[in-house]
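Chain A is the first sequence line, chain B the second, and so forth, proteins listed ahead of strands; every chain is numbered from 1.
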Number of protein chains: 2
Amino acid sequence: MTESESATVDLEIIVQGTQEGKKLELRLWLRMLSTTKLISQEIRRRLRNEFGATLPQFDLMAQLYRERDGLRLGELSKRTMVTNGNVTGLVERLETDGLVLRVTPDGDRRVTVAKLTAKGETLFGAMAAAHEGWLRDMMADVDPAIVSELWRDIGAVKSSVSNHLSGADFD
Amino acid sequence: MTESESATVDLEIIVQGTQEGKKLELRLWLRMLSTTKLISQEIRRRLRNEFGATLPQFDLMAQLYRERDGLRLGELSKRTMVTNGNVTGLVERLETDGLVLRVTPDGDRRVTVAKLTAKGETLFGAMAAAHEGWLRDMMADVDPAIVSELWRDIGAVKSSVSNHLSGADFD
DNA sequence: GAGCAATATTTGAAATGTCAAAGGTTTGGA
DNA sequence: TCCAAACCTTTGACATTTCAAATATTGCTC
């Protein structure tokens, strides 16, 4: 490549958005992923140390907490973004710990509905309060206005992604 | 609770920032988590369908791709944010597939260094190119200026989180 | 030079994760 | 009515995940 060609290329890069423009989406994704991992690990560690629970269990219980009548396993699977087979084992273990109850409704015997027990509700209440505090602490250095902006803009990302999925997925 | 008390509470909520203000960090976290899961699942599906690879394998190979001399397993563990024990199995399977090579350097026999094989480099090159394209596609509806902003602001979140970890973690 | 702390990886147990196939149940025509 | 398609959950094979304990090696100290 001659010098003049090189200069031309550089100009084009600058015009198009400067190097970073090229892989912006990739860089955003890597940063989202590492940040999410960091926060997840911290929450996982605290849930384990303070409540003896796991993050997936917490997620599942969160869904049941706001649906006091319980949820079908398939519905739980959608809401937690966890596969059906996985939900089976998850609920199984929570039932063993007395936090969740499984019921088969009269109308349709294909269905299994999971509900929080009283013990489950109590435990989740405590975990949820702590969880919210942990997040506030972890994000304490971030301007609330920025937090708001992020919430909105990540919503836009989620929308875009939802509209460009290859599989049979949709939100 | 009387009606007047109830009204007072409502007013306070509004003054303080309207319901949403209260749990902003929690809401941001939930949205980050679900968005990350969504993107991860899409990438995982495509890696599997088009290359027969898994996301953790892809991540690990990405680190080795930019360090042609290889990396010690402990270093791989830090960079991929995966535990030591996990790296062992991951590298083991990649070695079985002929994508990665394990070497023990002369100087220190405690150490294992993993390197990409020629086959591994070729495969990863193809995966990386596709991967970048998938991300561009998925985020196609998001204004590049927003993507840039998100990259910066999520960096701020990551910083804040890093400074408020309970364990012996730091970045 | 013997022993002990520090370092690096592996191992083992338990939980989570995916996918595909298999099991029951319901439902809606023919 | 019967049966095939659709629906819901479970199962089984395998990969990934964490944590803690076990191994192996090095390096330092006395």
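When each of A:Arg48 and A:Val87 is assigned the nucleotide of DNA chain D with its nearest heavy atom, A:Val87 is the one assigned upstream, toward the 5' end. With the nearest nucleotide of DNA chain C identified for both A:Gly89 and B:Asn49, A:Gly89 has the one nearer the 5' end. In this structure, A:Asn84 and B:Asn86 both approach DNA chain D, and ranking their closest nucleotides by distance from the 5' end singles out A:Asn84. Along DNA chain C, the nucleotide closest to A:Leu55 and the one closest to A:Gly85 are compared, and the more 5′ of them pairs with A:Leu55.
Distances from the side chain of A:Arg110 to the nucleotides D:dC8, C:dG17, D:dT26 place D:dC8 closest. With D:dT26, C:dT26, C:dG17 as the candidates, the nucleotide lying closest to the side chain of B:Arg109 is D:dT26. For A:Glu92, counting side-chain heavy atoms from C-beta on, the closest listed nucleotide (D:dT17, C:dT26, D:dT11) is D:dT11. Relative to the side chain of A:Arg44, the nucleotides D:dT18, D:dT10, D:dT26 differ in distance, and D:dT18 lies closest. In the set D:dT26, D:dT18, D:dT10, the nucleotide with an atom closest to the side chain of A:Leu73 is D:dT10. Closest to the A:Gln41 side chain, of the nucleotides C:dC19, D:dT9, D:dT18, is D:dT18.
At whole-Å resolution of the value, CG in A:Leu76 and P in D:dC8 are 14 Å apart. For the pair A:Leu90 CG and C:dA14 C1', the computed distance is 13 Å after rounding to whole Å. Taking atom CD1 on A:Ile43 and atom C1' on D:dT17, their separation rounds to 17 Å, with Å as the unit. Taking atom CZ of residue A:Arg45 and atom P of nucleotide D:dT18, one finds them 11 Å apart after rounding to whole Å. Put simply, CZ on B:Arg72 is 5 Å from P on C:dA8, counting in whole angstrom units. One interatomic measurement links the two molecules: CZ of A:Arg102 to C1' of D:dT9, which rounds to 10 Å at whole-angstrom precision. Between the CG atom of B:Leu47 and the P atom of C:dC19 there is a distance of 12 Å, given to the nearest Å. Regarding B:Asp59, its CG atom lies at a distance of 17 Å from the P atom of C:dG17, rounded to whole Å.
Other residues, nucleotides and ligands contribute more than 12 heavy atoms inside 6.0 Å of the NZ atom of A:Lys37. The neighbour count for B:Arg68 CZ, taken as heavy atoms of other residues, nucleotides or ligands under 6.0 Å away, is above 12.
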From CA spacing to verdict: side-chain contact (heavy atoms from CB on, under 4.5 Å), B:Arg31, A:Leu150: CA-CA 9 Å; B:Arg31 186 161 277 188; A:Leu150 279 169; over 6 Å; no
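Taking OG1 from A:Thr35 and CG from A:Leu30, the interatomic distance works out to 10.5 Å, rounded to the nearest 0.5 Å. Atoms CG and CZ, on B:Asp59 and B:Arg79 in that order, are 13.5 Å from each other to the nearest 0.5 Å.
Base contact: B:Thr88 has a heavy atom under 4.0 Å from a base atom. Among the heavy atoms of the strands lying under 4.0 Å from B:Thr112 are primed sugar atoms or P, OP1, OP2 only; no base atom is included.
Between B:Thr83 and D:dT18, a side-chain N or O to OP1/OP2 separation shorter than 4.0 Å is present.
Taking the ring axis of A:Phe51 as reference, the NZ or CZ atom of A:Arg48 does not stay both within 45° of it and closer than 6.0 Å to the ring centre.
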